[in-house]
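From a predicted model like this one, the values you see are computed outputs, not experimental measurements.
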Amino acid sequence: MAATGFLPADELNALLPGTLPGLLGLTVTAHEPGRLEAALDVRPDLLAPNGYLHAATVVALADTACGLATRALLPEGSAGFTTIELKSNFLGTVREGRVRTVATNVHAGRSTQVWDAVVTSDAGKTLALFRCTQSVLGPR
């Protein structure tokens, strides 16, 4: 299986303006096939009404990291991918600082990919465990 969609972190970041990850302020900090790191700064507009980081912000960070990383492991000739399932377990939260995620590939098949991501706080506290399954779309 050829890795056809690899882009370094700076080129992935150039794709983000004007998209939801861009609006959230997500930044890809490192990328290699099978692993991607990303982060975002916690701002008041990313909080839930209770004053803590909104769960949807955490999911967007993890899902974006997994999705951007999926590109590098797509089989030759595939037309792309789409998320078919995702799950998050929330273990903590924050009100400020920077949150980071590391997405790692668990399975890269011809028809599906499975990714795990761990979201952490500046202090290294695990905030969420995330898993998603990507459906690889057929030939172009």
Side-chain angles (χ1 to χ4, degrees):
M1 179 182 318
T4 59
F6 179 78
L7 293 175
D10 60 335
E11 291 183 38
L12 289 172
N13 285 323
L15 300 174
L16 301 181
T19 67
L20 177 64
L23 290 172
L24 294 175
L26 185 143
T27 303
V28 176
T29 56
H31 183 216
E32 60 189 64
R35 187 176 192 280
L36 187 138
E37 297 177 27
L40 61 80
D41 292 321
V42 177
R43 309 183 311 259
D45 57 322
L46 300 180
L47 303 179
N50 67 0
Y52 290 96
L53 186 61
H54 199 292
T57 303
V58 175
V59 169
L61 173 63
D63 188 53
T64 300
C66 293
L68 290 173
T70 294
R71 299 166 47 108
L73 299 183
L74 288 173
E76 186 71 43
S78 64
F81 67 94
T82 188
T83 302
I84 57 175
E85 183 178 36
L86 58 81
K87 179 187 186 326
S88 293
N89 290 103
F90 298 96
L91 307 175
T93 191
V94 294
R95 294 177 183 251
E96 58 188 15
R98 188 163 175 87
V99 291
R100 304 173 196 290
T101 192
V102 176
T104 54
N105 182 259
V106 177
H107 167 76
R110 292 207 52 77
S111 61
T112 60
Q113 291 189 26
V114 177
W115 289 84
D116 284 341
V118 178
V119 179
T120 58
S121 69
D122 274 341
K125 176 182 175 186
T126 300
L127 302 179
L129 303 174
F130 178 89
R131 174 167 274 191
C132 68
T133 304
Q134 308 288 7
S135 178
V136 176
L137 303 176
R140 302 178 227 244

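Follow the hydrophobic side-chain contacts under 4.5 Å out from L129 and you never reach L36; the two are in separate clusters. Residues V42 and L20 share a single hydrophobic cluster, defined by chaining ILVMFWY side chains whose heavy atoms lie under 4.5 Å apart.
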Checklist line | Residue pair V136, T112: steps toward the side-chain contact (heavy atoms from CB on, under 4.5 Å) verdict | finding: CA-CA 5 Å; V136 176; T112 60; 5.8 Å; no
Note to self: Apply side-chain contact (heavy atoms from CB on, under 4.5 Å) to residues V119 and T126 and explain how you reach the verdict.
What the structure shows: CA-CA 6 Å; V119 179; T126 300; over 6 Å; no
Item checked: Chi angles and distances behind the side-chain contact (heavy atoms from CB on, under 4.5 Å) call for L137, T82 -> CA-CA 7 Å; L137 303 176; T82 188; 4.1 Å; yes
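A heavy-atom distance below 4.5 Å is not found between the side chains of T101 and T120. For the pair N89 and K87, the minimum side-chain heavy-atom distance is below 4.5 Å. Within the 4.5 Å cutoff, side-chain heavy atoms of V99 are placed close to those of L40. Side-chain atoms of L16 and L23, non-hydrogen and from C-beta on, never get closer than 4.5 Å to each other. For the pair L61/L26, a side-chain contact is recorded, criterion being any heavy-atom separation below 4.5 Å from C-beta on. Side-chain atoms of V59 and F90, non-hydrogen and from C-beta on, do get closer than 4.5 Å to each other. Taking the side chain as every heavy atom from C-beta outward, V118 and F130 never approach each other to under 4.5 Å. Using a 4.5 Å cut-off on side-chain heavy atoms (C-beta onward), E96 and D41 make no contact.
When all heavy atoms are compared, the tightest approach of E76 to R110 is O-NH2, 4.2 Å. Nearest heavy atoms, A62 versus A117: CB-CB, 4.0 Å. For the pair A9 and V28, the tightest heavy-atom approach, listed with the atom from each and the gap, is CB-CG1, 3.7 Å. Across T93 and K125, no two heavy atoms sit closer than the pair O-NZ, 4.0 Å.
Expressed to the nearest 0.5 Å, how far CZ of F81 lies from OG of S111 amounts to 15.0 Å. For the atom pair R100 CZ and L127 CG, the distance stands at 11.5 Å (nearest 0.5 Å).
Listed for the H31 side chain is a donor-acceptor partner under 3.5 Å among the backbone atoms of L7. Not a single donor-acceptor pair under 3.5 Å links the side chain of D122 to the backbone N or O of G97. Put simply, the side chain of T70 gets close to the backbone of C66: a donor and an acceptor are under 3.5 Å apart. Checked by atom type and distance alone, the side chain of T64 pairs as donor or acceptor with a backbone atom of A60 at under 3.5 Å. Not a single donor-acceptor pair under 3.5 Å links the side chain of T27 to the backbone N or O of T29.
The side-chain hydrogen bond (donor to acceptor under 3.5 Å, both in side chains) pairs that include a residue from residues 127-138 are T83-Q134, D116-R131, where partners are two or more places apart or lie in different chains. A side-chain hydrogen bond (donor to acceptor under 3.5 Å, both in side chains) check over residues 45-56, counting only residues at least two apart or in different chains, returns the pairs R43-D45, Y52-R95.
Residues passing the side-chain contact (heavy atoms from CB on, under 4.5 Å) test with N105, sequence neighbours excluded: L73, A108, Q113, W115.
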